[in-house]
Each structure stands twice: as structure tokens, then as C-alpha cells.
Protein chains: 2
Amino acid sequence: MKTADKHSKIIRAATKVFAKKGFFNARISDIAKEAKVADGTIYLYFNNKYDMLLSVFEEKIGKLVEQINTHLEKEEDPRRMLEIFIANHLREMKKNRNLAEVIQIELRQTNKMIKDYRNNKFSEYLDIISTIIKRGQAGNVFRQDVLPGIAKRAIFGAMNEVARIWNINIDSEYKVEEIESQVIKIFLIGILEHPEKSD
Amino acid sequence: MKTADKHSKIIRAATKVFAKKGFFNARISDIAKEAKVADGTIYLYFNNKYDMLLSVFEEKIGKLVEQINTHLEKEEDPRRMLEIFIANHLREMKKNRNLAEVIQIELRQTNKMIKDYRNNKFSEYLDIISTIIKRGQAGNVFRQDVLPGIAKRAIFGAMNEVARIWNINIDSEYKVEEIESQVIKIFLIGILEHPEKSD
DNA sequence: CCACAAAATGAATGCTCATTCATTCGATTA
DNA sequence: TAATCGAATGAATGAGCATTCATTTTGTGG
């Protein structure tokens with residue numbers, strides 16, 4: 001087996017184990033077993049346990065970034081772009097529960113670390129949202145008084161929390177499409193029945 | 001010192017240490033030192049480490065529930081109620097960073113546990129949001145097609161993620177009032193400039 | 001002031017892993 | 001076939017830390 005294969009085999013195993021047990025309860029030996037590899041082998045590919053988590057996270061988010069960039073490539077309308085982003089994110093989370101878990105874990109884990117890691121994939125991912133918003137504001141599609149730096153977080157946070165529905169079985173009666181359209185609508189037009197009366 | 005005092009002294013210390021180090025990196029001895037108490041004393045008040053985290057969480061969220069219920073008591077307008085909820089949550093998170101951290105930690109921690117813990121304070125807290133929404137729908141203030149069970153999560157998730165701004169110093173140029181009004185507006189009227197063109 | 005109980009202490013225990021590294025494997029080359 | 005060397009192995013190490021509990025301190029009622 002080639003080196004690259006083994007590396008990604010370990011990443012896959014780690015994702016699964018981290019997702020299932022959380023970072024601190026995951027044993028290196030669990031991951032090794034899952035990857036069908038000796039414990040020591042893992043240290044040929046990663047410096048330490050935390051390095052694995054970082055790698056897993058960067059790789060997964062990196063894929064999300066690529067994927068969404070591809071989807072957005074030909075789209076011009078900021079509104080559609082936002083819809084695509086939200087739909088894509090939610091579908092991925094639903095499809096791959098481990099991914100959703102790992103994002104949560106790493107997000108908590110890194111919290112204090114993230115300061116040092118400027119150029120990381122995660123900020124890149126978040127910034128896609130704010131870029132869309134700025135673009136929409138330039139085209140007068142989105143309100144000018146929305147702060148893109150806040151909105152990107154609000155949107156990401158909402159999606160993330162909503163996606164947890166699929167990881168805890170409660171409320172699992174909701175379908176992806178339903179949730180998707182809910183989130184999109186809420187962010188586009190809000191929840192007021194008569195928004196014209198606002199401000 | 002009376003028992004009740006010591007109990008809450010430990011809770012306070014635990015909140016601080018959990019917030020600073022995270023659950024798994026927090027040592028019982030750290031908490032004991034912070035509370036100016038012997039390691040063993042902690043076990044007179046809590047069954048084990050995880051029990052402490054649960055207690056901390058329940059107590060903190062419990063206070064939030066009480067607080068927000070008081071604030072909402074005399075309010076009749078669902079729209080105002082939602083505004084009050086959001087403002088209150090964000091202000092508390094800003095005021096007490098440890099609280100924000102601990103919520104995150106416990107949220108991750110419990111993820112799988114929470115299934116077993118139906119009647120917990122956290123669901124109670126979330127349900128205040130959905131109750132407000134249902135009320136607004138009954139009064140035709142909020143759109144009928146909003147699913148309260150989804151919206152409550154979206155709102156909570158957004159607030160939580162936005163509140164992280166204060167825990168990682170980046171972007172700390174934002175003021176509470178600014179963020180408050182952003183989040184409220186986004187959820188009430190969305191980000192579209194011309195929402196009437198929707199659907 | 002004493003006797004007793006309750007509360008508090010913190011050193012000792014014992015277990016759990018992350019990490020290391022001496023050894024083995026297996027592919028390649030001559 | 002033998003020599004070489006990078007990759008892989010997994011048992012052994014040792015540090016870290018939650019929890020326990022024998023002992024001490026504090027509080028109370030007579």
C-alpha cells in the first residue's frame with residue numbers, strides 16, 4: 001500500500017473515531033485498530049494526537065471549501081449563492097454525520113488556538129459567506145446595514161446548531177429539504193409576517 | 001462556612017477553570033485550588049468530575065431561564081419578546097465569558113448524553129424561544145410557515161456563534177448593542193433588501 | 001471542658017493511555 | 001541469493017490524574 005493511501009486511511013479512521021467518542025475519549029489504539037494499522041504507525045504520519053485532529057479538520061473543511069467553490073463558480077446572483085451555500089452545507093452535514101461531529105469538536109478544541117492559526121481553512125470557509133454578502137450589498141440585493149462579519153457567523157452558527165438535529169436522534173422527523181428551506185427563508189426574509197412595518 | 005456557601009464556591013471555581021481549560025484539561029486539583037479547598041472536599045459535594053460539569057451547566061442555564069422569564073413576564077408582544085430574549089442572551093455572554101465557554105463545552109460534552117436527559121434546563125431554555133415563536137404565529141405576527149422547532153435552534157446557534165467573538169479577541173471591535181441589533185434584524189426581517197420579491 | 005460527630009484534608013493508589021523505539025518485515029537492487 | 005533500507009510493528013515506558021480514605025480539624029450540645 002502506498003504512503004498516501006495509508007495517510008488517508010488513518011484520516012478516515014480518525015474522523016470516525018473522533019466523531020464517535022470525541023477527541024479526548026478517542027484512543028490512539030482505537031484509531032489504529034479502525035485503520036488496521038499498528039499504534040506506532042500513526043506516528044509516522046502525524047506528530048501527535050492533536051496534530052491528527054487538526055489534519056482531519058483541515059482536510060474536511062478543505063474539501064467543503066473546494067466543493068462549495070465549484071458549486072458557486074457559475075452563479076452570479078448573490079441570493080442564489082447564499083441559498084446554494086446553505087443547502088450544500090446542510091446536505092453535507094446530513095450525509096456525513098461524522099463530519100458534523102468533528103467540526104463541532106475541533107471548533108471547541110481550537111477555540112483558543114484559532115487565534116494563532118490565521119490562514120486556516122475554517123476562516124476561509126466562513127469568509128465565503130461574508131464575500132457573498134458583500135457582493136449582494138454591492139448589487140443592492142442585500143441590505144446595506146448588515147455587517148458581513150456578524151452575518152457570516154450567525155449563518156454558520158445557525159446551520160451548525162440545526163445540523164445537530166441529525167446527530168441526536170430527537171426531532172429527526174425533519175427532512176433535509178424542509179430544514180434547508182427553513183434556514184434559507186429565515187435568513188433571507190426573517191420571521192416577521194409583515195416586515196414592511198419594521199424599523 | 002456553611003455548606004451551601006462551599007457548594008457554590010466550588011461551582012464558581014469550576015466554572016472558571018472549565019472555561020479556561022476545557023473539561024478534559026481541567027484538573028480537579030486546579031478547581032480545588034481555585035476554590036481554596038482540598039481535592040477531597042470536592043467529592044463531598046459532587047459525585048465525580050462529570051457531575052460537576054453537569055451541575056455547573058444546569059445551574060448557569062437555570063439562572064438564565066429564571067432571568068429571561070422575569071424579563072418576559074410583563075411583555076405581551078412576541079416581537080418584543082424575541083428581541084428581549086436575544087438581547088439578554090448576548091449581554092449575558094458578553095458580561096460573563098466563562099458562561100459562554102462553559103455552555104459550549106457542555107454542549108459538546110453532552111451531545112450524546114442529552115438524549116437521556118430530557119427534562120433539562122437547556123431544553124427549557126431553548127423552548128422559551130419556540131414558545132415565543134408559536135405565540136407570534138398565533139397572533140399573526142410571525143409567518144405561519146416558520147417551524148418553531150427549527151427556528152429555535154437556528155436562533156440559538158446564531159447567538160452562540162456570534163458570542164464567540166468575545167472569547168477570541170479577533171473582531172472584538174464590535175459592540176454588544178451593534179451585534180444585538182444585527183442579530184435581531186437578521187432574524188426578524190432577513191437580509192434581503194427587497195423581501196417583497198420573495199417566494 | 002469534654003465527647004462525639006461531621007466536615008475537611010491531602011497523600012497515596014491504581015489505572016489509563018500517548019508516545020517511544022528496538023525489532024521485524026518486505027521491497028528493491030545488484 | 002544476499003545486502004540494504006525505509007516502513008511498519010506493538011510491547012514497554014512513564015507521566016498524568018481522578019478518586020479514595022485514614023487522619024485531622026472544626027463545630028456542637030451537655
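Below, chain A is the first sequence line, B the second, and so on; all start at residue 1.
Summarising the geometry, the separation between NZ on B:K49 and C1' on D:dC17 is reported as 8 Å, rounded to the nearest angstrom. Atom CD1 in A:I42 sits roughly 10 Å away from atom P in D:dT9 (whole-Å rounding). Distance B:N47 CG to D:dT20 C1': 14 Å, rounded to the nearest Å. Atoms NZ (A:K9) and P (D:dA7) sit 16 Å apart, rounded to a whole Å. Atom OH of B:Y43 and atom C1' of D:dA22 are 18 Å apart (whole Å). A straight line from CG of A:D39 to P of C:dA18 spans 9 Å, rounded to a whole angstrom. Separating the NZ atom of A:K6 from the C1' atom of D:dG6 is a distance of 12 Å, rounded to the nearest angstrom. Between B:F24 atom CZ and C:dC17 atom C1' there is a gap of 14 Å when expressed in whole angstrom units.
At a threshold of 4.5 Å between non-hydrogen side-chain atoms, the residues A:M93 and A:M159 do not count as touching.
Considering only side-chain N and O atoms, B:R27 lies under 4.0 angstrom from the phosphate OP1 or OP2 of D:dA18. Phosphate contact (OP1/OP2 of C:dA8, side-chain N/O of B:Y45, threshold under 4.0 Å): present.
Partner of B:E34 under the salt bridge (charged side-chain N to carboxylate O under 4.0 Å, His left out) criterion, chosen from B:K20, B:K16, B:R27: B:K16.
Of the candidates D:dT19, C:dT9, C:dT19, the closest approach to any side-chain atom of B:L44 belongs to C:dT9.
Residues A:T41 and A:I28 both approach DNA chain C. Their nearest nucleotides, taken by heavy-atom distance, put A:I28 toward the 5′ side.
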Handout entry: Chi angles and distances behind the ring pair (Phe, Tyr, Trp, His ring centres under 6.0 Å) call for B:F85, B:F156
Key = CA-CA 10 Å; B:F85 189 98; B:F156 179 78; 8.5 Å; no

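Using the six-membered ring where Trp is involved, A:F187 and B:F187 have ring planes that are tilted, between 30° and 60° apart.
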